[in-house]
Each structure stands twice: as C-alpha cells, then as structure tokens.
Amino acid sequence: MFSDLNVFKTAYAMATHAGQRQSVIARNMANADTPGYQPRDIETFQIAFENSRREVAMTATRAGHLNGAAAAQPWAEFDAAPSGDPNGNGVSLEEEMLKAVEVKRQHDRALAIYKSSIGILRTSLGRG
C-alpha cells in the first residue's frame with residue numbers, strides 16, 4: 001500500500017535542488033567584485049525533473065541509512081547571462097537577490113509538500 005511514495009522523493013529532490021541553487025547564487029554574490037568573474041546558475045527544477053527521465057533516489061548521509069544512494073543529486077551548472085560591467089564581472093546583485101528569493105520559495109514549497117504528505121499519511125494510518 002505505502003511501498004512507493006513518490007511525493008516524498010519529489011519533495012526531497014526539490015529541496016535538494018533549492019539548496020544547491022542557493023549555493024551557486026551565494027557563490028555568484030560573493031564574487032560580485034571579482035574582475036572577470038562570470039555568474040553561474042543551474043537549470044530550474046521543473047526543467048531538470050522533466051528531462052531526468054529517471055527515479056530520484058534518496059541520499060544516504062551515513063552508511064547505516066536504508067535505501068539511500070551514496071552520491072548527491074547532480075544538477076548541471078551553466079554560465080548565466082552576464083551583465084555588462086566594465087571590469088568584466090558579469091554578476092548583477094539585483095538579479096542574484098531575485099533568484100535567491102525564488103529559491104527560498106521553492107524550498108518552502110518543498111517543505112510544505114513534505115509536511116502535508118506526512119499529515120495525510122498519519123491520518124490514513126489513524127495517527128493524525
């Protein structure tokens with residue numbers, strides 16, 4: 001009955017994607033004054049998930065974890081569209097801040113999906 005709960009795998013993948021994208025955005029913001037630095041980004045979760053055509057595996061952070069893959073979900077980075085700065089730096093802090101807000105919303109959405117699914121599962125088991 002509860003052997004394949006894809007909603008949890010999807011929520012996990014969405015939260016993992018948001019965390020990695022936030023890391024890339026933070027790196028861009030940290031290098032906003034570095035001459036010649038070009039911003040990086042990763043594709044949106046929707047595009048990455050639609051193009052994956054495979055099951056999303058849970059990540060095992062310890063050897064004792066059951067049913068977890070040993071490696072993290074790889075999300076491909078690419079060069080983002082640079083803004084034209086005279087020193088060759090392509091980072092726009094305003095754009096990076098907007099991306100950071102978008103990523104926070106994505107992470108919050110993933111947590112809301114997970115919490116809602118846990119509530120439904122508990123209710124169906126009579127423990128709600």
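Only this structure's heavy atoms are used, side chains among them; waters, hydrogens and symmetry mates stay out.
- Separation of atoms CE (Met29) and CG (Leu93) is listed at 5.5 Å; rounding is to 0.5 Å.
- Pairing each heavy atom of Ala110 with each of Ala11, the nearest pair is CB-O, 3.6 Å.
- Surrounding CG of Asp33 are at most 12 heavy atoms belonging to other residues, nucleotides or ligands under 6.0 Å away.
- Between Arg40 and Val24, the shortest heavy-atom contact is O-CG1, 3.3 Å.
- Looking at every heavy atom in both residues, Ile25 comes nearest to Val103 through CD1-CG2, 3.7 Å.
- Cluster annotation: Ile42 is not connected to Met97 through the hydrophobic network of ILVMFWY side chains, with a link wherever side-chain heavy atoms come within less than 4.5 Å.
- Grouping the Ile, Leu, Val, Met, Phe, Trp and Tyr side chains by contacts below 4.5 angstrom, directly or via other members, places Ile120 apart from Tyr114.
- The structure places OG1 of Thr16 at 8.0 Å from NE2 of His107, a figure rounded to the nearest 0.5 Å.
- Thr10 is not listed as a side-chain neighbour of Ile113, based on a closest heavy-atom distance of 4.5 Å or more.
- Of all the heavy atoms in Asn28 and Pro39, the pair that sits closest is OD1-CA, 3.6 Å.
- With contacts defined as side-chain heavy-atom distances shorter than 4.5 Å, the pair Lys104/Gln22 does not qualify.
- Note on Glu102 versus Arg105: no salt bridge recorded, every NZ/NE/NH1/NH2 to OD/OE distance being 4.0 Å or above.
- Among all heavy-atom pairs drawn from Ala32 and Asn89, the shortest one is O-ND2, 3.0 Å.
- Taking the side chain as every heavy atom from C-beta outward, Asn31 and Arg27 approach each other to under 4.5 Å.
- Thr44 and Gln46 share no donor-acceptor pair across their side chains, judged by distance under 3.5 Å alone.
- Checked by atom type and distance alone, the side chain of Ser116 never pairs as donor or acceptor with a backbone atom of Ala112 at under 3.5 Å.
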